[in-house]
Amino acid sequence: MATLCGRGAAPPPPRPLQAPPPRPAPPSAAGAGAGGQDTMFARGLKRKCADSEEDGEGALAAFRAAPSYSLQRQSLLDMSLVKLQLCHMLVEPNLCRSVLIANTVRQIQEEMTQDGTWRVMAPQTAGQAPLDRLVSTEILCRSAREVEPPGPGSGDGHALDLVSELSTAPSAQAPRSPQSSVWEVDSPRESRGGFPKSLDQIFETLENKGPGSVEELFSDVDSPYYNLDTVLTGMVGSAKSSHGDALEALASAAAPPPSSSCKDLGELDHVVEILVET
Amino acid sequence: MLLSLPALHLQTSEYHPLFQLPHGRLGPWCSPTGSPAPLSCETGCGEGSWILVCRLLVPTQVSLLSMEEDIDTRKINNSFLRDHSYATEADIISTVEFNHTGELLATGDKGGRVVIFQREQESKNQVHRRGEYNVYSTFQSHEPEFDYLKSLEIEEKINKIRWLPQQNAAYFLLSTNDKTVKLWKVSERDKRPEGYNLKDEEGRLRDPATITTLRVPVLRPMDLMVEATPRRVFANAHTYHINSISVNSDYETYMSADDLRINLWNFEITNQSFNIVDIKPANMEELTEVITAAEFHPHHCNTFVYSSSKGTIRLCDMRASALCDRHTKFFEEPEDPSNRSFFSEIISSISDVKFSHSGRYIMTRDYLTVKVWDLNMENRPIETYQVHDYLRSKLCSLYENDCIFDKFECVWNGSDSVIMTGSYNNFFRMFDRNTKRDVTLEASRENSKPRAILKPRKVCVGGKRRKDEISVDSLDFSKKILHTAWHPSENIIAVAATNNLYIFQDKVN
């Protein structure tokens with residue numbers, strides 16, 4: 001990995017950031033983890049993709065169950081999710097890049113669904129229909145960044161489809177400060193306060209996953225990322241409080257069940273669990 | 001066949017403070033021909049026929065110096081400029097464009113500045129100096145802004161510059177950052193009025209009581225001054241980041257394209273624009289494709305093309321409807337199933353689209369290839385050129401370090417016979433469409449003396465590495481050539497490598 005990025009020098013910053021603070025360079029951290037299997041990854045991916053096209057269904061299933069391929073695919077998925085989360089900068093994120101990464105995630109997700117390795121958790125609290133829909137781009141980008149308080153009492157939509165739930169939310173909803181999306185730059189405000197909390201939950205979930213590149217993927221990201229976020233925005237506290245206010249306002253508005261905030265976090269947990277193999 | 005010439009490090013006084021050109025040129029000069037010559041690269045003997053004309057560097061720390069600045073300041077600045085490694089991010093060149101005659105060359109950088117170079121005029125005494133480009137004008141086009149509504153910064157980086165054809169003594173160009181397009185007028189002033197009645201020579205008001213006679217002010221010659229003034233500001237029309245601007249062949253309108261929309265402007269009207277393409281889905285969740293580049297047809301003012309992140313090109317006719325959401329032609333190459341991977345879509349994303357000068361072809365650049373399409377054939381390109389196919393096995397690493405999202409540009413030469421595009425390690429590639437030969441050249445300080453002939457480079461993909469070859473793993477991916485330009489009628493090219501601008505010329509024997 002180091003050789004790819006230069007002649008023995010430190011790997012260059014992946015993208016030039018507007019903010020002066022040093023980037024934690026998660027892709028390098030990811031590279032540290034996945035670097036060992038770099039050539040194997042690329043080669044393995046390509047080879048197995050090509051081979052799997054030719055194999056029959058039975059062989060296909062067996063082939064794809066080979067640990068190296070699924071591990072590599074998982075690693076790519078994790079890397080892509082990290083990239084999506086970290087597109088949150090002082091400058092508006094590059095929409096083209098975000099779309100391409102999200103499409104890649106969707107592609108992996110589709111394949112994993114076909115393989116049956118995409119385990120879907122039926123939500124316990126809401127009693128909604130089983131999740132057979134693919135995760136939308138919106139959720140992929142927002143799930144790690146924000147807890148979207150869904151409309152209280154809205155039984156519409158799936159647990160994952162938080163956006164549609166938002167659209168059916170009652171108008172009494174608090175100012176939609178936490179609402180933001182990678183795409184929806186029209187929305188008035190961008191919140192960064194949800195980042196550490198949601199990322200934290202992702203880390204917890206991923207830690208249970210198992211050994212391998214994933215831990216290394218995130219190990220270096222964790223602490224520097226918090227610092228970056230705090231330094232960059234200085235709004236972590238205020239954004240969090242506004243976020244909390246939104247939740248409280250929701251809890252008080254339209255007499256929702258008192259466990260609404262727990263439900264929110266529980267749903268995020270489900271989202272996260274669904275996104276990664278547990 | 002390396003021409004022996006003075007080295008780069010000359011005496012201080014021989015350097016122009018701004019752009020490191022030695023004043024006195026020695027050595028044989030190759031004057032360009034009037035018509036573009038076909039590319040004659042001798043790949044067999046390992047020597048090419050492109051020579052370095054000059055390398056230009058305009059750091060931000062040096063204040064703009066007029067031609068009459070004193071020698072002392074010049075010396076100080078020269079010693080400072082000697083340290084080439086001192087380059088801030090604001091100096092990174094983000095766009096390069098020749099004007100329609102090739103006399104002017106404009107560059108935009110990340111700091112929002114535009115620097116215009118002018119070709120040196122041929123003179124009787126120094127015939128050999130023609131072909132060099134000197135700084136003509138520098139101005140700050142865009143400033144960083146802050147969008148208070150979204151709490152986001154708006155970069156001042158110049159994304160594109162497009163010249164307008166010259167219609168009077170002044171030059172006009174469009175420059176754009178992510179959100180705002182500006183029309184700049186660059187004009188010369190070489191006379192000034194003298195002999196005012198109410199003001200004295202220093203400009204101070206005179207006591208009316210002392211004025212006893214009237215005189216008519218006369219215009220006297222003065223030192224040439226080039227001034228740039230913003231004539232129009234086209235703002236607040238784009239929610240997303242502008243990636244392209246294109247002047248229409250009617251010279252009255254132009255279009256600006258962002259990730260999801262394309263707007264049509266009239267040069268005279270700044271508070272209105274027409275939206276002619278809108279691919280924003282009603283539900284942003286369903287967004288899977290964005291616009292990556294757009295350009296007007298060079299002759300038909302009703303026709304334009306735009307490319308997408310899915311590797312498709314759409315040609316639209318504005319006469320068909322006001323909102324050109326339905327394309328007239330749709331160019332897409334069927335996917336090669338043997339090359340399919342998770343990165344297939346990303347590397348198929350088109351980063352640049354350019355009409356040929358004839359208007360018959362379009363050229364597109366995706367991550368690994370350059371393709372030439374005939375407007376009359378939509379189902380596949382007529383030519384495909386591999387730029388750096390050795391990267392195909394490295395896609396995962398390039399995805400990791402984000403290099404896979406680099407947007408390379410591509411250019412035609414004046415006669416549409418040669419196409420050029422950039423790569424990594426400061427390499428750039430040229431493809432001769434007629435002879436089907438290609439060459440890889442490098443724009444670097446270490447390897448190029450002025451007037452030296454560029455040596456073709458080669459990347460070794462595996463196995464034994466020959467002496468002058470470079471292996472894929474040794475490539476420097478931080479040195480990327482994204483922006484290049486080709487003179488409209490001659491074989492002169494401008495190549496932007498980070499904060500350096502290289503100008504090369506075809507050596508004609």
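Quick note: numbers below take in every heavy atom, side chains included, and nothing from hydrogens, waters or symmetry partners. Lettering follows sequence order; numbering is per chain, from 1. Bear in mind that the values here come from a model prediction, so they are computed numbers and not experimental data.
- More than 12 heavy atoms of other shown residues, nucleotides or ligands fall within 6.0 angstrom of atom CG in B/D278.
- Taken to the nearest 0.5 Å, the CG atom of B/L260 stands 5.5 Å off from the CG atom of A/L95.
- The two residues B/E289 and A/V99 have their closest heavy-atom pair at N-CG1, 3.9 Å.
- Side-chain polar atoms of A/S80 and B/Y399 form a donor-acceptor pair below 3.5 angstrom.
- The shortest heavy-atom contact between B/F342 and A/Q107 is O-OE1, 3.6 Å.
- With a 4.5 Å cut-off on non-hydrogen atoms, B/S349 touches chain A through its side chain but not through its backbone.
- Pairing each heavy atom of A/K83 with each of B/E400, the nearest pair is NZ-O, 3.0 Å.
- With a 4.5 angstrom heavy-atom cutoff, B/I92 does not touch chain A via any of its atoms.
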Original post:
When you look at A/I101 and B/I346, which way does the side-chain contact (heavy atoms from CB on, under 4.5 Å) test go after all the steps?
Top reply: CA-CA 8 Å; A/I101 297 174; B/I346 300 181; 5.6 Å; no

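- Of the inter-residue distances, the one linking B/D259 atom CG with A/R97 atom CZ reads 13.0 Å to the nearest 0.5 angstrom.
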**OP:** Could you go through the side-chain contact (heavy atoms from CB on, under 4.5 Å) check for B/E345 and A/L100 one step at a time?
**Re:** CA-CA 8 Å; B/E345 183 182 321; A/L100 290 173; 3.9 Å; yes

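- The nearest pair of heavy atoms linking A/C96 to B/K407 is SG-NZ, 3.5 Å.
- Only the side chain of B/K179 comes within less than 4.5 Å of a heavy atom of chain A; its backbone N, CA, C and O stay farther away.
- In the displayed structure, B/K310 atom NZ is contacted under 6.0 Å by more than 12 heavy atoms of other residues, nucleotides or ligands.
- Contacts of B/T292 with chain A are made by side-chain atoms alone, with heavy-atom separations under 4.5 Å and no backbone atom involved.
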